[in-house]
J.: 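I am attaching a structure below and will ask some questions about it afterwards.
Residue numbers begin at 1 in each chain, while the letters A, B, ... track the order of the sequences. Just so it is clear, the values below take in all heavy atoms, side chains as well, and ignore hydrogens, waters and symmetry mates.
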Amino acid sequence: MHDLKVLGVICILGVTCYVMRASGYVLAASMRDDGIAARFLQLAPGNLFIAFIVGGCLSGGLAGFVGTVVALATMAITAREWAALGAGFGAALAASALGL
Amino acid sequence: MTAAGFRRGLVAALPFLLSNGAAGLVMGLTYKGLGLGAEHAILFSLLVYSATAQAITLSMWAHPLPVVAMVVACIATNSRYLLMGAHLRQLFGGLAPRKVLPTLFQLADASWLMTSSDADRNGPDAGYLLGSSIPMAIGWVGGTALAYAAPLAANEPLRLAATLLPTMFIATLLPSQWKNVRSLWPWLTSAVAALLVARFVDPSWSMLIGGGCGTLVSMMEPKDA
């Protein structure tokens, strides 16, 4: 395949992705602060956190679920992210080694 | 946009050097297997900078390249960025767009989630978004480059690190998002909807649709849930 053609496609896809990233920010300028859309956006983060975690657990299988639960529990107890990540990843590796 | 926020974001996102590095490495190895040159693979990770968009366009790689279909796929899989961008406008609306728009080049799910969480604790700071984006970008692009520089092959710990560390990291932020017992129903709705969408529609839509359904339930509450 021609190098320039591949380069062109990469640039087009890069521009498309940046437009998607910037569009919401630009379009939101015309949004009312007290409107329904604004309230939706204020309430969205926590719910998106949950949906993100569920998607991640699904793609990681049972080992992923075990690791995520251990990370969450460790964070709740220690309030230290590094400890939570270490414990979670260790648990996921162990679960994976056990064939889960 | 403060230097303190930048430092806080940079330090908080350091684990992503590892997880994005592993994911970028897996992506790089796949590009390598496809016969793509190192320069193109690195440029792909640098400019597109989206695991979902890159994975989907990779699966569509053919001769000739289906450019229109790839662009449509990028728009569909990255539509969640519209919501994230609009939310960031709420946080950083007081800043000149020329200060925020360049930072959005590196906007990712995790950097947005972390910035939202930090805004709840310390107030909105665009420096945090920029700081947290840097280790993620270095990990992703560096991992892709490493696939070409080192004689490596994908293995189980690498795959697990790439898949699980971002999820686990976001899970550690979850306690900061818990408001009160009224958070329970929206969160359950988000989880069930995300599960159903991932199972029956497409995993790349689970975050947007699942989170959207939960937010609609939140809006039905008399106060913020």
J.: For chain A, which residues from residues 34-42 of chain B lie under 4.5 Å away (heavy-atom distances)?
T.: B/Leu36, B/His40
J.: Tell me, side chain or backbone of A/Val26 under 4.5 Å from chain B's heavy atoms, or both, or neither?
T.: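 Both backbone and side chain.
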J.: Under 4.5 Å, counting heavy-atom pairs only, tell me which of B/Leu14, B/Leu47, B/Leu208 racks up the most with chain A.
T.: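 Top option by heavy-atom pairs under 4.5 Å: B/Leu47.
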J.: Rounded to the nearest 0.5 Å, how far does NE2 of B/His87 lie from CG of A/Leu43?
T.: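 The distance works out to 9.5 Å.
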J.: Taking atom NZ of A/Lys5 and atom NE2 of B/His63, what is their separation to the nearest 0.5 Å?
T.: 10.5 Å
J.: Given heavy-atom pairs under 4.5 angstrom as the criterion, report whether the side chain, backbone, both or neither of B/Pro66 touches chain A.
T.: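 The answer is neither part of B/Pro66.
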J.: Can you see which heavy atom on B/Ala171 is nearest to which on A/Leu72, and at what distance?
T.: O-CD1, 3.0 Å
J.: Which heavy atom in B/Gly211 sits nearest to a heavy atom in A/Ala51, and how many Å separate them?
T.: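 Distance-wise, the nearest heavy atoms are N-CB, 3.5 Å.
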J.: What part of A/Phe52 is in contact with chain B, defined as an atom under 4.5 angstrom from a non-hydrogen atom: side chain, backbone, both or neither?
T.: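 A/Phe52 touches chain B through backbone and side-chain heavy atoms alike.
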J.: Test of understanding: with side-chain contact (heavy atoms from CB on, under 4.5 Å), list the residues that count as partners of A/Thr16, not counting sequence neighbours.
T.: A/Ile12, B/Val71, B/Cys74, B/Ile75
J.: Just so I know, are the side chains of A/Tyr18 and B/Tyr49 near enough to count as touching, which here means a heavy-atom distance under 4.5 Å?
T.: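 The answer is no, as the side chains (C-beta and beyond) never meet within the 4.5 Å cut-off.
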J.: In Å and rounded to the nearest 0.5 Å, what is the CH2 to CG distance from B/Trp112 to A/Leu48?
T.: 4.5 Å
J.: Could you have a look at A/Leu93, A/Val9, A/Ile53, A/Val15 and say which one has the most heavy-atom pairs with chain B under 4.5 angstrom?
T.: A/Ile53
J.: Indicate the atoms forming the closest heavy-atom contact of A/Asn47 with B/Trp187, along with that distance.
T.: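 In this case the closest contact between A/Asn47 and B/Trp187 is OD1-CD1, 3.5 Å.
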J.: Tell me, out of B/Asp109, B/Val100, B/Leu46, B/Thr57, who's got the most heavy-atom pairs with chain A below 4.5 Å.
T.: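 Ranked by contacts with chain A, first place is B/Val100.
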J.: If we define contacts as heavy-atom pairs under 4.5 Å, which of A/Gly46, A/Ala71, A/Ser96 has the most with chain B?
T.: A/Gly46
J.: Tell me, for A/Ala44 versus chain B, whether the close heavy atoms (under 4.5 Å) come from the side chain, the backbone, both or neither.
T.: both
J.: With a cut-off of 6.0 Å (strictly less than), are more than 12 heavy atoms of other residues, nucleotides or ligands near CZ of B/Arg98?
T.: no
J.: For B/Arg89, give me all partners under salt bridge (charged side-chain N to carboxylate O under 4.0 Å, His left out), at least two apart in sequence or on another chain.
T.: none
J.: Listed by residue number, which members of residues 188-196 of chain B have a heavy atom under 4.5 Å from any heavy atom of chain A?
T.: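 B/Ser190, B/Ala191, B/Ala194, B/Leu195 fall under the 4.5 Å cut-off.
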J.: Considering residues, nucleotides and ligands other than A/Ile36, do more than 12 of their heavy atoms fall under 6.0 Å from its CD1?
T.: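 No, CD1 of A/Ile36 has 12 or fewer neighbouring heavy atoms, counting only those of other groups under 6.0 Å.
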J.: Heavy-atom pairs under 4.5 Å with chain B: which of A/Ala73, A/Gly61, A/Ala29, A/Gly55 has the most?
T.: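 Highest number of pairs under 4.5 Å: A/Ala29.
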J.: Do you know which of B/Gly210, B/Gly212, B/Gly93, B/Pro15 has the most heavy-atom pairs with chain A at a distance under 4.5 angstrom?
T.: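 Max contact count across the listed options: B/Pro15.
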J.: Select one option (side chain, backbone, both, neither) describing which atoms of A/Ala97 are under 4.5 Å from chain B's heavy atoms.
T.: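 For A/Ala97, neither part sits under 4.5 Å from chain B.
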J.: Report which part of B/Ser50 has an atom under 4.5 Å of a heavy atom belonging to chain A: side chain, backbone, both, or neither.
T.: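 For B/Ser50, heavy atoms of backbone and side chain both lie under 4.5 Å from chain A.
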J.: When heavy-atom pairs shorter than 4.5 Å are enumerated against chain A, which of B/Gly214, B/Ala86, B/Ser116 gives the highest number?
T.: B/Ala86
J.: For the residue pair B/Ser79 and A/Met20, what are the closest heavy atoms and their distance?
T.: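 That would be CA-CE, 3.6 Å.
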J.: At a 4.5 Å cut-off on heavy atoms, which part of A/Leu58 comes close to chain B: side chain, backbone, both, or neither?
T.: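 For A/Leu58, the contact with chain B is made by the side chain alone.
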J.: Nearest 0.5 Å, what's the CG-CZ distance between B/Leu174 and A/Phe49?
T.: 7.5 Å
J.: Please confirm whether the backbone N or O of B/Tyr81 pairs with a side-chain atom of A/Arg21, one donor and one acceptor, at under 3.5 Å?
T.: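 Not confirmed, A/Arg21 side chain does not pair with B/Tyr81 backbone.
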J.: Which heavy atom of A/Ile10 sits nearest to which heavy atom of B/Val48, and what is that distance?
T.: O-CG2, 4.1 Å
J.: Report which part of B/Met84 has an atom under 4.5 Å of a heavy atom belonging to chain A: side chain, backbone, both, or neither.
T.: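 B/Met84 has no heavy atom closer than 4.5 Å to chain A.
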J.: Go through A/Val69, A/Thr74, A/Leu27, A/Leu85 and name the one with the most non-hydrogen pairs under 4.5 angstrom from chain B.
T.: A/Leu85
J.: Using every non-hydrogen atom in the two residues, find where A/Phe40 and B/Met219 come nearest and quote the distance to one decimal.
T.: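 In terms of heavy atoms, the two residues are closest at CD1-SD, 3.5 Å.
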J.: Going from SG on A/Cys17 to CD on B/Gln54, what distance comes out if it is rounded to the nearest 0.5 angstrom?
T.: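 Rounded to the nearest 0.5 Å, the SG-CD separation comes to 8.0 Å.
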J.: In this structure, which one of B/Leu104, B/Asn78, B/Leu82 forms a side-chain contact (heavy atoms from CB on, under 4.5 Å) with A/Ser23?
T.: B/Leu82
